[in-house]
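Note that the numbering runs from 1 along the sequence shown for the chain.
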Amino acid sequence: MRFTLSSSTLSSKLTILSKVIMSKNSMPILEGFLFDVKDGQLTLTASDSENVMRSTCELTESDGNGSFVVSSSTILDAMRELPEQPLIFEVDTMEYTVKVYYQNGMYNFTAQNAEEYPQTQPLPNDVATITFDSGALLSNINRTLFATATETLRPVMNGIYFDITPEYTAIVASDGCKLVRNRIFTVKNENPASFILPKKPATLLKNVLSKDGGDVVIQFNDRNAVISFSDGVLICRLIEGRYPNYNSVIPKENPNHLRIDRKTFVSALRRVMPFASESSELVKFKVDATQVEISSEDIDFATSAKESLNCDYDGIPMAIGFKGPALTEILNSIDSEEVIIELADPSRAGVVVPAEQPEQEEVLMLIMPTLLND
């Protein structure tokens, strides 16, 4: 079998797929990529047994069909050093040898039998289907991934929760300290359904989805999902279990509203945070009608910092504390120029929303306060 394709195309696809492969696998063959040539098209597959990702590309030339497996370390190292140029693969699927011809050179290595590569089972018929715009799903994954937890006792918190209702789809993540809830009003279903996407497949999608649009179709049941995008598919195992009632922890009405420039706020936080206690990461905010004072201190090392910013504040003067890194993550995941922070009192959660919501979406982020000593 002989086929030709672009070196940069192959290298970019293998680099993305390599993030699926684990360094230690129960099945040694899963440390390689499955190459499947059929009808002038190459399908590349990588798997860690729980997640399977496939990507396809058109071949410049092809004189046959066939499959083989190549060690990921071998092919990745070889492709990394090549500039853009045509690559000619000559594969002997009987002897499992691969020769790759490039300008002024040639690689020669062994392959493995593709029949030993584990095959994925199709989903049964009782699946739900939902379709997202690629750009919208990508922005929502970017907006929620940072808020997922790393818990062993409550694994349901370690993924992104998709809550599909007749009015909208909510995409939710929380680690107990912060919570993100995105509502997409263009994606809904008359039959309510839900699933929890683990962090690894969510990160893989983040690396492959396009901002330029196109449909992403997600088919799922209570255990598995098949996610189809423009030039590939991701098959993954879902997190089983019941996600907590996230709406119950979101305040219905926080009457005090602070409006401030987001980038200015983030910059001030970064300057103040290094002086906070490493154990508490506490940053204190004192707000009145026109100013917010941001301060931190570490009593053990006799260090402190303080900075004042202009703002618009509609509410009673208040002092409240938040974990600086958590608040910074929330602010960095919002796109609007200004944010509104809705407060009730120093002991209740603060709600952060963009001053301008994305079209047909509603973004809400919540952060739990840290009690102040004074």
Would you please say whether a donor-acceptor pair under 3.5 Å links the side chains of Ser8 and Glu84?
yes
So do [Y] and [X] actually touch side chain to side chain, heavy atoms under 4.5 Å?
X: Ser62; Y: Val37; value: yes
X: Pro346; Y: Met318; value: yes
X: Pro358; Y: Arg143; value: yes
X: Leu82; Y: Ser11; value: no
X: Asp335; Y: Val363; value: no
X: Leu371; Y: Ser347; value: yes
X: Pro255; Y: Ile316; value: no
X: Asn189; Y: Ile130; value: no

Could you grab the distance from atom [atom1] of [X] to atom [atom2] of [Y], nearest 0.5 Å is fine?
X: Arg181; Y: Met365; atom1: CZ; atom2: CE; value: 11.5 Å
X: Lys200; Y: Lys19; atom1: NZ; atom2: NZ; value: 11.5 Å
X: Glu116; Y: Leu34; atom1: CD; atom2: CG; value: 11.5 Å
X: Ser72; Y: Glu31; atom1: OG; atom2: CD; value: 7.0 Å
X: Ile340; Y: Ile334; atom1: CD1; atom2: CD1; value: 10.0 Å
X: Tyr243; Y: Met157; atom1: OH; atom2: CE; value: 4.5 Å

Do any N or O atoms from the side chain of [X] and from the backbone of [Y] form a donor-acceptor pair under 3.5 angstrom?
X: Asp314; Y: His257; value: no
X: Ser277; Y: Glu281; value: no
X: Tyr101; Y: Asn104; value: no
X: Ser296; Y: Val272; value: yes
X: Lys199; Y: Ala149; value: yes
X: Asp163; Y: Ser194; value: no
X: Ser248; Y: Asn245; value: yes
X: Asn256; Y: Ala344; value: yes
X: Gln85; Y: Gln103; value: yes

Mutual orientation of the aromatic rings belonging to Phe285 and Phe322 [parallel < 30°, tilted 30-60°, perpendicular > 60°]
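The rings of Phe285 and Phe322 sit tilted, inter-plane angle from 30° to 60°.
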May I ask you to decide if the ring planes of Tyr246 and Tyr161 are parallel, tilted or perpendicular, using 30° and 60° as cut-offs?
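Rings of Tyr246 and Tyr161: perpendicular, over 60°.
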Between [X] and [Y], is there shared hydrophobic-cluster membership here, with clusters defined by ILVMFWY side-chain heavy atoms closer than 4.5 Å?
X: Met53; Y: Ile141; value: yes
X: Val352; Y: Tyr313; value: yes
X: Ile21; Y: Leu76; value: yes
X: Val52; Y: Phe35; value: no
X: Leu258; Y: Leu364; value: no

Is the distance from the ring center of Tyr107 to that of Tyr102 below 6.0 Å?
yes
Non-hydrogen atoms of [X] and [Y] that approach each other most closely:
X: Asn51; Y: Val20; result: O-CG1, 3.5 Å
X: Ile330; Y: Ile367; result: CD1-CB, 3.8 Å
X: Asn140; Y: Ala136; result: ND2-O, 2.8 Å
X: Cys311; Y: Val292; result: SG-N, 3.8 Å
X: Val339; Y: Ser336; result: CG1-OG, 4.4 Å
X: Asn254; Y: Glu342; result: ND2-O, 2.9 Å

Report the C-alpha distance between Phe132 and Ile171 in whole Å, list the side-chain angles of each, state the deciding distance to 0.1 Å, and finish with yes or no for side-chain contact (heavy atoms from CB on, under 4.5 Å).
CA-CA 12 Å; Phe132 288 90; Ile171 300 178; 4.1 Å; yes
Please report the C-alpha distance between Arg2 and Glu90 in whole Å, then the side-chain angles of each, then the deciding distance to 0.1 Å, and finally whether the salt bridge (Lys or Arg N to Asp or Glu O under 4.0 Å) criterion is met.
CA-CA 5 Å; Arg2 181 185 176 100; Glu90 285 188 356; 2.3 Å; yes
Donor-acceptor pairs are to be reported for all side-chain atoms of residues 213-239 against protein atoms at under 3.5 Å, with residues two or more places apart or in another chain.
| unit_1 | atom_1 | unit_2 | atom_2 | d |
| --- | --- | --- | --- | --- |
| Asn221 | OD1 | Arg223 | N | 2.9 |
| Asn221 | OD1 | Asn224 | N | 2.8 |
| Asp231 | OD2 | Lys13 | NZ | 2.7 |

Is the count of non-hydrogen atoms from other residues, nucleotides or ligands lying under 6.0 Å from Glu356 atom CD greater than 12?
no
Would Phe275 and Ser304 count as a side-chain contact (heavy atoms from CB on, under 4.5 Å) here? Give the steps.
CA-CA 5 Å; Phe275 298 88; Ser304 64; 5.6 Å; no
Set of residues satisfying side chain to side chain donor-acceptor pair (under 3.5 Å) with respect to Asn142, sequence neighbours excluded:
none
For Thr110 and Tyr96, run side-chain contact (heavy atoms from CB on, under 4.5 Å): C-alpha distance rounded to whole Å, both residues' side-chain angles, the deciding distance at 0.1 Å, then the answer.
CA-CA 6 Å; Thr110 58; Tyr96 297 108; 5.8 Å; no
Would Ile16 and Ser55 satisfy side-chain contact (heavy atoms from CB on, under 4.5 Å), going step by step from the backbone distance to the final call?
CA-CA 9 Å; Ile16 292 171; Ser55 186; over 6 Å; no
One pair to check against salt bridge (Lys or Arg N to Asp or Glu O under 4.0 Å): Arg183 and Glu362. What are the steps and the verdict?
CA-CA 5 Å; Arg183 285 175 171 170; Glu362 180 189 83; 3.4 Å; yes
Step-by-step side-chain hydrogen bond (donor to acceptor under 3.5 Å, both in side chains) determination, Asp36 to Ser67
CA-CA 4 Å; Asp36 184 19; Ser67 301; 2.7 Å; yes
Who are the salt bridge (Lys or Arg N to Asp or Glu O under 4.0 Å) partners of Asp288, not counting sequence neighbours?
none
